[in-house]
Amino acid sequence: MPVTNAPVLVTGATGFVAAELVKQLLDAGYSVRGTTRNVEKAKQDGYLTGVPGAADRLELVAADLLDDGAFDALMQGCEYVMHTASPYIIDVEDPQRDLIDPAVRGTLSVLEAAKKTPSVKRVVLTSSFAAISGEARDHVWSEEHWNDVSSLDNSPYSYSKTLAEKAAWDFVEQNEVDFDLVVVNPTGVIGPSVVPHVNASHQFIVAASRGEYPGIISLAFPFVDVRDVALAHVRAMEKPEASGRYLTSAPALSFRRMVELANAEGFGEKYKFPTRSLDNAFGNAIVKFAANFQPKGTRAFLKMAIGQEYRLDTSKVQNELGLEFRNIDETFVDAMHDLEAWGHLG
Ligand code: NAP
């Protein structure tokens, strides 16, 4: 049973994560008010408006994270707000302008609007594992950790997520507000997409299918299924006892395993997945050197992640929100078929 009859406000509704969230909310019987910077385009594209239930219960409204007060009127009457909009771009021209400003100012703009709107009971914020960890370290990551290494120069996307989430927690602590804040921190989100654009988290798979990697390199990154991430948001909204941060991730998937899965599905014959083994000390040295010739964001990512292992404690989201993660091998295969269906592979 829906916990509210009022529309659920979802910011950045056209995004990969948010579109799946909109789909699940509509499926569960909710009405949704989704924001995008370009309502006309979203309507013309028809991907979101084509989701079952959208014709009757999805309203698309315009809002930009950088426009002060943009969410004030849109939040009227809402009890729950899902703030997912935030630029997810790895290589940017101007990190302050392109990442930090929209992430932080947008989050504060949403929270200011919630503060002025007495009907709002809870804001669910889409943060990221990037706000928890900026590097692989020899320990187990959980909700108690914060990324203390990213900066404007080093992984600015991760920095934007860290600053935005910190600003959100500071806001609810320093202001008298009638709503509570719950945060979802997903790792790399993959899986079937409601919308056609290639999300940053899928770019690695697409690049691998196009032969952009000279070999199987020593990367193992924690991923999570987009359907699980959306469900974590829905549960974070529906469960009154939900609180704090929720690290949301399946176990890490290695590049080698991805290639094995791709080959087992026949993608190896159709596309240019690497075959040469570079997931060894020699390969690591080559990748670290070659990273110097990549754009800044990719360079920082490769240098940080190569040869590293991530261990995560996701017991909080499993115990408190009852989330059972899909098998990440199956998610990867679903993602591959979906990327192929959208025409992105090879
Ligand atoms: P996405 O597909 O690129 O969607 C991001 C959305 O944000 C876009 O649809 C865009 O909507 C909106 N947006 C960007 N800049 C905006 C601005 N200035 N004003 C208003 N809206 C703006 O990215 P995503 O992967 O779904 O990410 C959604 C959220 O999940 C983000 O907060 C991201 O940090 C977080 N996250 C993602 C991953 C992942 O692996 N994908 C992992 C952890 C956390 P319009 O263009 O329609 O306005």
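Numbers here are sequence positions counted from 1.
In summary, the aromatic rings of Phe223 and Phe332 are positioned with their centroids too far apart to meet the 6.0 Å limit. In this structure, Phe204 has its ring center closer than 6.0 angstrom to the ring center of Phe255.
Heavy-atom contacts from other residues, nucleotides or ligands closer than 6.0 Å to NZ of Lys316 number more than 12. Within 6.0 Å of CG on Asn5 lie no more than 12 heavy atoms contributed by other residues, nucleotides or ligands. Atom CZ of Arg276 has 12 or fewer heavy atoms from other residues, nucleotides or ligands within 6.0 Å. At most 12 non-hydrogen atoms from other residues, nucleotides or ligands lie less than 6.0 angstrom from CD of Glu176. Heavy atoms of other residues, nucleotides or ligands lying less than 6.0 angstrom from CD of Glu309 number 12 at most. When the shell of 6.0 Å around CD of Glu173 is examined, it contains 12 or fewer heavy atoms from other residues, nucleotides or ligands. Enclosure of atom CZ in Phe293 by more than 12 non-hydrogen atoms of other residues, nucleotides or ligands within 6.0 angstrom is indicated.
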Only pairs under 3.5 Å count here: list side-chain donor-acceptor contacts from residues 207-214, not counting sequence neighbours, and write none if there are none.
| unit_1 | atom_1 | unit_2 | atom_2 | d |
| --- | --- | --- | --- | --- |
| Ser209 | OG | Val206 | O | 2.7 |
| Ser209 | OG | Gly346 | N | 3.0 |
| Arg210 | NE | Gly346 | O | 2.9 |
| Arg210 | NH2 | His344 | O | 2.9 |

Give the table of side-chain donor-acceptor pairs shorter than 3.5 Å for residues 262-270, with sequence neighbours excluded, one pair per line with atom names and distance.
| unit_1 | atom_1 | unit_2 | atom_2 | d |
| --- | --- | --- | --- | --- |
| Asn263 | ND2 | Val259 | O | 3.3 |
| Glu265 | OE1 | His337 | NE2 | 2.8 |
| Lys270 | NZ | Glu340 | OE2 | 2.8 |

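Counting only N and O atoms by type, the side chains of Ser315 and Asp313 include a donor and acceptor under 3.5 Å apart. Side-chain polar atoms of Asp279 and Ser218 form no donor-acceptor pair below 3.5 angstrom. A donor-acceptor pair shorter than 3.5 Å cannot be found between the side chains of Tyr246 and Glu143. With no hydrogens or angles considered, a side-chain donor-acceptor pair links His233 and Thr126 at under 3.5 Å. A donor and an acceptor atom, one from each side chain of Lys161 and Asn147, are nowhere located under 3.5 Å apart.
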Starting from the C-alpha separation in whole Å, work towards a yes-or-no answer on side-chain hydrogen bond (donor to acceptor under 3.5 Å, both in side chains) for Glu40 and Gln44. CA-CA 6 Å; Glu40 275 321 302; Gln44 268 169 19; 4.7 Å; no
Passes side chain to side chain contact (heavy atoms under 4.5 Å, CB included), Tyr310 versus Phe129? Steps please. CA-CA 11 Å; Tyr310 284 91; Phe129 178 55; 3.8 Å; yes
Apply side chain to side chain contact (heavy atoms under 4.5 Å, CB included) to residues Leu278 and Ile216 and explain how you reach the verdict. CA-CA 5 Å; Leu278 287 177; Ile216 298 168; 5.9 Å; no
Applying side-chain hydrogen bond (donor to acceptor under 3.5 Å, both in side chains), run through Gln96 and Tyr159 and close with a yes or a no. CA-CA 10 Å; Gln96 183 69 41; Tyr159 190 49; over 6 Å; no
Between Asn185 and Glu165, is a side-chain hydrogen bond (donor to acceptor under 3.5 Å, both in side chains) present by the stated rule, with each step listed? CA-CA 10 Å; Asn185 299 77; Glu165 192 193 329; 2.9 Å; yes
Test log, rule side chain to side chain contact (heavy atoms under 4.5 Å, CB included), inputs Met75 and Val110: CA-CA 9 Å; Met75 222 173 266; Val110 166; 4.0 Å; yes
Test side chain to side chain contact (heavy atoms under 4.5 Å, CB included) applied to Leu65 and Phe71, step by step: CA-CA 9 Å; Leu65 295 170; Phe71 297 94; 4.0 Å; yes
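Here the side chain of Arg122 pairs no donor or acceptor atom with the backbone of Tyr80 at under 3.5 angstrom. At least one donor-acceptor pair under 3.5 Å links the side chain of Ser201 to the backbone N or O of Val189. Side chain of Glu20 to backbone of Phe16: no donor-acceptor contact under 3.5 angstrom is found. In this structure a side-chain-to-backbone donor-acceptor pair under 3.5 Å is present from Asp98 to Asp94. Side-chain N or O atoms of Ser119 include one that pairs as donor or acceptor with a backbone N or O of Cys78 at under 3.5 Å. In this structure, the side chain of Asn175 does not engage the main chain of Val177 through any donor-acceptor pair within 3.5 Å. Under the 3.5 Å distance criterion, the side-chain polar atoms of Thr36 are left unmatched by any main-chain donor or acceptor of Val39. Under a 3.5 Å cut-off, the side chain of Ser155 and the backbone N or O of Tyr157 do not form any donor-acceptor pair. Between the Tyr30 side chain and the Val3 main chain, a donor and an acceptor come within less than 3.5 Å of each other. Of the possible donor and acceptor atoms, one in the side chain of Arg57 sits under 3.5 Å from a partner among the backbone N and O of Leu26.
Between Val124 and Val81, the closest side-chain pair of non-hydrogen atoms is not below 4.5 Å. The shortest side-chain heavy-atom distance between Asp180 and Lys121 does not fall under the 4.5 Å cut-off. Proximity of Val234 to Leu25: side-chain heavy atoms (C-beta onward) are separated by under 4.5 Å at one or more points.
Note: Ser142 OG to Ile132 CD1 = 7.0 Å, rounded to the nearest 0.5 Å. Taken from OG in Ser254 to CD1 in Ile217, the straight-line distance is 11.5 Å, to the nearest 0.5 Å.
The ring-ring contact (aromatic ring centres under 6.0 Å, His included) pairs that include a residue from residues 35-68 are Tyr47-Trp342, where partners are two or more places apart or lie in different chains.
Checked for salt-bridge contact, Arg257 and Glu260 meet the test: a charged N lies under 4.0 Å from a carboxylate O. Using a 4.0 Å cut-off between charged nitrogen and carboxylate oxygen, Arg227 and Asp334 count as a salt-bridge pair. Salt bridge Glu59/Arg33: present, at least one basic N to carboxylate O contact under 4.0 Å. Between Lys41 and Asp45 there is a salt bridge, since at least one side-chain N of the basic residue sits less than 4.0 Å from a carboxylate O of the acidic one.
Ala18 and Thr84 get closest at one heavy-atom pair: CB-OG1, 3.3 Å.
Relative ring orientation between Phe171 and Phe179 is described as parallel, the plane-to-plane angle staying below 30° on a 0-90° scale split at 30° and 60°.
Hydrophobic clustering, with ILVMFWY side chains joined whenever heavy atoms are under 4.5 angstrom apart, groups Met258 together with Leu219. The cluster map of Ile, Leu, Val, Met, Phe, Trp and Tyr, joined by side-chain heavy atoms under 4.5 Å apart, puts Leu312 and Leu253 in the same cluster.
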